[in-house]
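Notes follow the structure.
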Amino acid sequence: MKDFATLFTRIDESTKTTVKTAALADYFRNADPSDKLWTIALFTGRRPKRTITATRLREWAAEVAGLPDWLFEESYSIVGDLAETIALVLPPAEHEDDQSLTYWINTIKTLSTLEEEDRKAGILNAWNSLPTTQRFLFTKLLTGGFRIGVSAKLITRALAQATGQPEPELTHKLMGNWTPDTATWETLIEADDPTADLSRPYPFYLAYQLDSLDDLGPPADWNAERKWDGIRGQLIIRGGEHHLWSRGEDLMTDRFPELSTLKDYLPDGTVIDGEILAFADEKPLSFNALQKRIGRKTVPKKLLTEAPVILMAYDLLEHEGKDIRDTPLKDRRNHLKTLINQTPNETPIRLSEAVPFQTWDDLAKARDQSRDIGAEGLMLKRLDSPYLSGRKRGDWWKWKIDPLTIDAVMIYAQAGHGRRANLFTDYTFAVRSGNDLVPFTKAYSGLTDAEFREITAWVRKNTLQKFGPVRQVPPTHVFEIAFEGIQASPRHKSGVALRFPRMSRWRRDKPMDEANTLEDLKEMLATYG
Amino acid sequence: MADVLTFTDRGIYCPAGDFHIDPWQPVDRALITHGHSDHARLGMGRYLATTGTAPVMRHRLGEITLDTINYGEETQIGDAKVSFHPAGHVPGSAQIRVEVKGEVWVVSGDYKTVADGLSEPFEPVKCHAFITECTFGLPIFKWTPQDILTQQINEWWATNAAAGRTSILGAYALGKAQRLLTTVNPDIGPILTHGAIENTNEVLRNQGITLPQTTYATADITAQTHPGALVLAPPSALGTTWTRRFGPASTAFASGWMALRGVRRRRAADRGFIVSDHADWDGLNDAIKATGATKIFATHGYTSVFQRWLTEQGYDAHVVSTDYHGESLETSEASEA
């Protein structure tokens, strides 16, 4: 556990990817194979089954620390992490016992077979024999969730450094349903995987937001498409199988089973870049519909009919088994069109059609219609552009529509968690309704650190009432809230729910009585909902 | 019996002696616990502070009418008997004891109970009522022992120096910076200081406090002229262009807030050393117990939580609203602690 704690500390102390990668690579070179495998498992979201509830852990920690439960809870709300809170409030360990990571995980596993009294004794003994960092990590294992700023990509890069294997191969090896119980370091990492090639995705090409149309040159050089608001995905059809990858290199094949018919109509050796959209009657459904599908590993039948998905195809990366990313976009799109035209209409795939335009003014008008047809704006791609990897300037641009905005009054503030523990960063906003204020949204982001500090100082001095961690403040400060969409919601007092609300500006120039009203909000709902 | 001290919107007030303690609005007569800018402010008619606090107040506040008093020396102001006692917060810092008709109240100002090797160590003062800060009044705050802390900082500095990196350490200009100076090992490399810290060093040296040799980091001082240096700067200077001249560097903060992983990560420093000039949880509880007071007022920090805790421990505990800031990472000189 000491090695693992050292690894954790090295990663946690640094903000530099190179340092984190080096720390992981060192660990993957030197640690015990079983510990290495568990480390990969933990950092890629595979954790031992929860054997003890968070409630028990809180009670036991408070008891050992000699604290009343409410004080433990107050501490927890400041720290924002249960395992860290426990590690901090407990008295120092009385003896140290350096056992391996695997040993402690096995200890946790055996706890599930014991009576509660014995479980408690086991946990208390562990707490009493581990120094603070190890105690924190041990408790983290008990509570699940092991996010410490290590992405799957970082793990893969470190593994590549430590083993000399190419990153894409390792990415594939780490995919799927393995656990440290079903795999070993040897079978998972060291052994060759002959199927790795078949599902290997290409890196996604990403665009920057367009600053100005002025530098683009003649409109005839460009292809414009709608920018759809779904999940970017890469469909791979090879060896009679299909694989669907997300931009975050998650394999999403099983989440969208309706797309499996595509392998029957598209030839082997086809890789398509597109957007997964909830789609019915030749129109995209709202993002809300798709949201119900996200995060679901298996999909009930009802949802399949309520929110069916299609692949809105943007680009063709592999054609007849050949990587064609270097050929011009124009040619890739022609091949793509031919492929899609060969599929029957009920196949869940559509070509993301070009938006015709002669002048930039035409295009600006087309962009103005985005919201009506459920798009986020436009994509501009140079017709002779290759398919690059990563976020690059020059050939591809996204030209999103401006967000909707409303001026609202801050009425409650709450301290953030974790990184923002000593700042008030989470606010509730209201619109005016006669002499009343109706809360309608919360927002956490969009201000600068300096602004958050200023508001924090103001909240401290102007608290009217405290409700637990929430402070009621006088309705004084007006903020412009930007958001991407608005929907009716019976669950909210205001009757609306916003999509992706954030603070776009602090309207210091506006007094509270110039903030927008509930009427304004309802009008927006009627127009854009 | 009338209260010895009352809490007004100008500061803590003693009706019997007609004076304020650490006021934040202009008053005629101000008794000052220590020189930090949220306790010693401009605009008072006349000031009274310890001999150890006076130089830094003159340095910071300029031309002021300032009387000094030694620790333990008793003085009569109106109907109040007043004396100053070490608070262990920074050099010269004091708790102020006020006695009226046999009733004793003590204002702690800011304090810590562990000796830092620089400030006059905290002395518990028996009293009926104790006015305490509680910046770190939660059981999650427990400070690293001084010897381990020293070892951690020296190790960090030596490792950086060996790797050709400058070590930039963020610490408050008055107190924390000098405390760190007296604990680091000057054999590791040169010690450079930001102007705000060097000015305070000079004030303290002039009053007879011994500090290791430091070099004021003027514009011509860089990583080339002083390789492997330790640079001490106020927290606000970290992450600004000022630090660029020191080339590849590792940054660290020295603060009680570094006990929290989230806070440390938000500051994006490479290291966080858990060190504060305020009392930690055990320090606060021990200090309060040692006063023998039954009535406690919590002024700044996690006041409502701390009040509830004290009430459950059997104290007559209250929260008072003040304009003191305690230790903050978020602001610069204006509210250091």
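Quantities reported herein were computed from a predicted structural model and do not represent experimental measurements.
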Part of A:E84 within contact of chain B (heavy atom distance under 4.5 Å): side chain
Any B:E312 side-chain heavy atom under 4.5 Å of A:W70 side chain: yes
Partner set under salt bridge (charged side-chain N to carboxylate O under 4.0 Å, His left out) for A:R508, not counting sequence neighbours: A:E454
Region of A:F136 in contact with chain B, defined by heavy-atom distances below 4.5 Å: side chain
Enclosure of A:K120 NZ (heavy-atom neighbours >12, cutoff 6.0 Å): yes
Residues in salt bridge (charged side-chain N to carboxylate O under 4.0 Å, His left out) contact with A:R507, at least two apart in sequence or another chain: A:D407, A:D509
Most contacts with chain B, counted as non-hydrogen pairs under 4.5 angstrom, among A:T85, A:T132, A:L88: A:L88
Nearest heavy-atom neighbours spanning B:W309 and A:G66: CH2-O, 4.4 Å
Under 4.5 Å from a heavy atom of chain A, the part of B:A269 involved: backbone
Test item: A:K16 and B:D270 side chains (from C-beta on) under 4.5 Å apart, heavy atoms: yes
Residues of residues 138-152 of chain B with any heavy atom under 4.5 Å of a heavy atom in chain A: B:L138, B:P139, B:I140, B:K142
Check: B:R264 and A:D12 side chains under 4.5 Å, non-hydrogen atoms: yes
Salt bridge (Lys or Arg N to Asp or Glu O under 4.0 Å) partners of residues 65-77 of chain A, not counting sequence neighbours, each pair once: A:R58-A:E73
